[in-house]
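A, B, ... follow the sequence lines: proteins, then strands. Residue 1 opens every chain. All heavy atoms count here, side chains included; hydrogens, waters and symmetry mates do not.
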Protein chains: 2
Amino acid sequence: MNIGDVARLSGLPAKTIRYYEEIGLVSPMRSTNGYRTFRESDLHKLTFLSRARSLGFTIDDCRALLELYVNTSRASADVKKIASEHLVRIDAKIEELIAMKKTLSHLVHECAGDNRPDCPILDDLAAPSKPAVPASR
Amino acid sequence: MNIGDVARLSGLPAKTIRYYEEIGLVSPMRSTNGYRTFRESDLHKLTFLSRARSLGFTIDDCRALLELYVNTSRASADVKKIASEHLVRIDAKIEELIAMKKTLSHLVHECAGDNRPDCPILDDLAAPSKPAVPASR
DNA sequence: ATAAGGGTTCCACCAACTGGAAGGTCAACC
DNA sequence: GGTTGACCTTCCAGTTGGTGGAACCCTTAT
């Protein structure tokens, strides 16, 4: 299979697949004309990566997950650990966004949105010492 | 005021403030020794930026908001538009994360997390054609 | 004199791609 | 056999919003 075929089948752009090769996530063969040649196993890996990335796993996570995926003597605890930690990050991000949303939707609601200059949104942004998210990192 | 002072007062790292100068968001003066000298108005801008960034506005949004902020003949509608569009982006992001969370927490729950290799998480990642978020962009 | 604690510039790096230029290859059609 | 068009290749640059570090200057106190 050429790169276009696995791109279609995995749902990843060809550019991304080349990038994944560059960073060592897949290692397709090369045919005599220089084209990449993908095996079934490469396609499986790419599909795996596509799905893992769409679940928000970082490339580093994907690398670790891929290793566990191909290693049939893995412990499911290792997989679960990576996924659980990712879940914690997702939760934190959701909370952060919800806090932003809350503040912002309040402000948007308050703003007349006409051609006068008075604007509660700008007033709030200009008001000092009010972190949107109550301080973490 | 030197950069350290406005850094403390605005809550932004000095590095970030230098970066904001580089991209033209603030334009402090320079004293004879080459140090940046910040006026009150610069501090106000930096505080504004700090808060706007913490609400998730992009730098481009911040640039536009800052212009409206200093322009006293603005129309609040212009501000509201930027904020509303940002709110839409936040909502979309929240939805995306919640979809991920849903899938992932389900999988984590299913996984035994012991030293055996069987793992529903890997099984799912390997299963083809299941976008985590039902397809948009 | 020197040490601490500011400040300065510049260059490189992070994630995870994406866009585009310049060019090679292949299969089909006339 | 020539040409078109769809593939493929590499390489370089840009994206977003900074961050880290090196090498060096300035000021003040001891």
Open item on the list: Just the rounded figure in Å: distance from P of D:dT16 to CD of B:Glu22.
Closed with: 14 Å
Task: D:dT19 phosphate, OP1 or OP2, under 4.0 Å from B:Thr16 side-chain N/O - done: yes
Task: Distance, rounded to the nearest Å, where B:Ile23 contributes CD1 and D:dG17 contributes C1' - done: 8 Å
Task: Distance test, side-chain N/O of B:Tyr19 to OP1/OP2 of D:dT16, below 4.0 Å - done: no
Open item on the list: Do A:Asp60 and A:Thr58 pair up side chain to side chain, a donor and an acceptor below 3.5 Å, judged on atom types alone?
Closed with: no
TODO: Figure out the CG/C1' separation between B:Asp60 and D:dT15, and round it to whole Å.
DONE: 12 Å
Open item on the list: Nearest 0.5 Å, please: how far is NZ in A:Lys80 from SG in B:Cys119?
Closed with: 9.0 Å
Task: Whole-Å gap separating C1' (D:dG17) and CZ (B:Arg63) - done: 12 Å
TODO: Would you kindly say whether B:Ser76 and A:Asp114 are connected by a side-chain donor-acceptor distance under 3.5 Å?
DONE: yes
Task: B:Lys15 side-chain proximity, nearest of C:dA16, D:dG20, C:dG19 - done: D:dG20
Open item on the list: I'd like to know if the side chain of B:Thr47 reaches the main chain of B:Leu43, judged simply by a donor and an acceptor atom lying under 3.5 Å from each other, with no hydrogens or angles considered.
Closed with: yes
Polar atom pairs between nucleotides 1-4 of chain D and protein, under 3.5 Å, N or O only, would you list them?
none

TODO: Please state how far atom CG in B:Leu46 lies from atom C1' in D:dG17, giving the value in whole angstrom units.
DONE: 15 Å
Task: Nearest heavy atoms of A:Val79 and A:Leu65, plus distance in Å - done: CG1-CD2, 4.0 Å
- [ ] Could you pull out the closest heavy-atom pair between B:Leu66 and B:Lys45, with the gap in Å?
- [x] CD1-CG, 4.1 Å
Task: Whether over 12 other heavy atoms sit under 6.0 Å from A:Arg39 CZ - done: yes
TODO: Quickly work out the A:Phe57 CZ to C:dA15 P distance and round it to whole Å.
DONE: 18 Å
Open item on the list: Which heavy atom of B:Phe57 sits nearest to which heavy atom of B:His86, and what is that distance?
Closed with: N-NE2, 3.4 Å
TODO: Find the distance B:Met1:CE to C:dG7:P and express it as a whole number of Å.
DONE: 13 Å
Task: Distance in angstrom units between B:Tyr20 OH and D:dT19 C1', rounded - done: 12 Å
- [ ] Tell me, yes or no, whether the heavy-atom count around A:Arg89 atom CZ, taken from other residues, nucleotides or ligands under 6.0 Å, exceeds 12.
- [x] yes
What N/O pairs connect the protein and nucleotides 5-9 of chain D at under 3.5 Å? Give each pair on its own line.
unit_1: D:dC7; atom_1: O2; unit_2: A:Tyr35; atom_2: OH; d: 3.4
unit_1: D:dC8; atom_1: OP1; unit_2: A:Gly4; atom_2: N; d: 2.7
unit_1: D:dT9; atom_1: OP1; unit_2: A:Arg36; atom_2: N; d: 2.7
unit_1: D:dT9; atom_1: OP1; unit_2: A:Arg36; atom_2: NH1; d: 2.8
unit_1: D:dT9; atom_1: OP2; unit_2: A:Arg18; atom_2: NE; d: 3.2
unit_1: D:dT9; atom_1: OP2; unit_2: A:Arg18; atom_2: NH2; d: 3.2
unit_1: D:dT9; atom_1: OP2; unit_2: A:Arg36; atom_2: NH1; d: 3.2
unit_1: D:dT9; atom_1: O5'; unit_2: A:Arg36; atom_2: NH1; d: 3.4
unit_1: D:dT9; atom_1: O3'; unit_2: A:Arg30; atom_2: NH1; d: 3.4

